[in-house]
Amino acid sequence: MDIPDPGTWPSTVAEAEAVQDRLRPLVVREGELPAPLRTVAGLDVSYGPDDRLAAAVVVLDADTLAPVDRATRVGRAAFGYVPGLFAFRELPALLGALADLRTTPDVLLCDGYGLAHPRRFGLACHLGVLTGLPTIGIAKTPFVGRYEEPGRRRGDWAPLTDGGEVVGRVLRTRDGVRPVYVSVGHRLGLDAACALALRLTPAYRLPETTRRADRLSRDVLAGV
DNA sequence: GCGACAG
DNA sequence: ATCTTGTCGC
């Protein structure tokens, strides 16, 4: 798919935060799922020694969840790990992988947060603004915000709030398993984001998109 | 000031 | 993220 040239990447914390502040106003915090929804893409990155990394994108048929496209990119981490600036670490490689895709996915599912971020501009928002595509963030552990424990059944959820505003949702994707943390990335509202998260978790806690991308990035890093 | 802190 | 054995359960 076509990916616009992001230009140069920041090298300091101050520069990176300035980039987030500059792009944040471009985030569209609402929207319905595209109809018909044809394809969904999952993105993930695996790390190896010496800052080596492998980014992977897997595109699935939204109905059958069968893989229809994939792309990978190996490289080095472009930024140190700083909570809140996580996106700068993986974005270059993820964009590179996306550029190699034959198709343009209808929605991008990111590993991490969107609006549930100290400056309301997590990886999912960043990726959404740069690609122009609808995105959502699904994280495995809490980062910002407070919440009550949701019910234990699949579909149960509780609002994730921070600074007096709802920034996401703690969602139980399977009965009796730890919940995931869903937040809006770009062009999709929270209801749509959670509906998609449930649709992609027919068997496991994490979305099929994320699981496929995770395994692919791992395999690539291992040289498979 | 101190601890916590997506992956 | 990654480093790692065994173990409980379907």
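- Residue Thr141(A) places none of its side-chain N or O atoms closer than 4.0 Å to OP1 or OP2 of dC5(B).
- Residue contacts for Gly48(A): at a heavy-atom cut-off of 4.0 Å it reaches no nucleic acid atom on any strand shown.
- At the phosphate of dA6(B), neither OP1 nor OP2 sits under 4.0 Å from any side-chain N or O atom of Lys140(A).
- In this pair, Tyr47(A) does not lay its aromatic ring on the base of dA1(C); centres under 5.5 Å and planes under 30 degrees do not both hold.
- Taking the six-membered ring for Trp and the full ring otherwise, the centers of Phe86(A) and Phe79(A) sit at least 6.0 Å from each other.
- Protein atom CG of Asp162(A) is 14 Å distant from nucleotide atom P of dA6(B), rounded to whole Å.
- Salt bridge Asp50(A)/Arg76(A): present, at least one basic N to carboxylate O contact under 4.0 Å.
- Pro118(A) comes within 4.0 angstrom of no nucleic acid atom, judged by non-hydrogen atoms across all strands.
- Contact check on Arg38(A) versus Asp63(A) returns no salt bridge, with no Lys/Arg side-chain nitrogen under 4.0 Å from an Asp/Glu carboxylate oxygen.
- One interatomic measurement links the two molecules: CZ of Arg146(A) to C1' of dA4(B), which rounds to 14 Å at whole-angstrom precision.
- If you take CG of Leu115(A) and C1' of dA6(B), they are 14 Å apart, rounded to a whole angstrom.
- The CD atom of Glu90(A) sits 8 Å away from the C1' atom of dA1(C) (whole-angstrom rounding).
- Protein atom CG of Leu123(A) is 14 Å distant from nucleotide atom C1' of dA1(C), rounded to whole Å.
- Rounded to a whole Å, the CZ atom of Phe86(A) is 6 Å from the C1' atom of dA6(B).
- As judged by a 4.0 angstrom heavy-atom cut-off over every strand, Leu94(A) is placed among residues making no nucleic acid contact.
- Side-chain contact annotation: Arg178(A) with Thr141(A), donor-acceptor N/O pair under 3.5 Å absent.
- Counting to the nearest Å, the P atom of dA6(B) and the CZ atom of Arg169(A) are 22 Å from each other.
- Residue Tyr81(A) has a polar side-chain atom (N or O) positioned under 4.0 Å from OP1 or OP2 of dA6(B).
- For Arg52(A) and dA1(C), the shortest distance from a side-chain N or O to OP1 or OP2 is not below 4.0 Å.
- With rounding to whole Å, Arg218(A) atom CZ is found 12 Å from dC3(C) atom C1'.
- Between the side chains of Ser46(A) and Ser217(A), a donor-acceptor pair is found at a separation under 3.5 Å.
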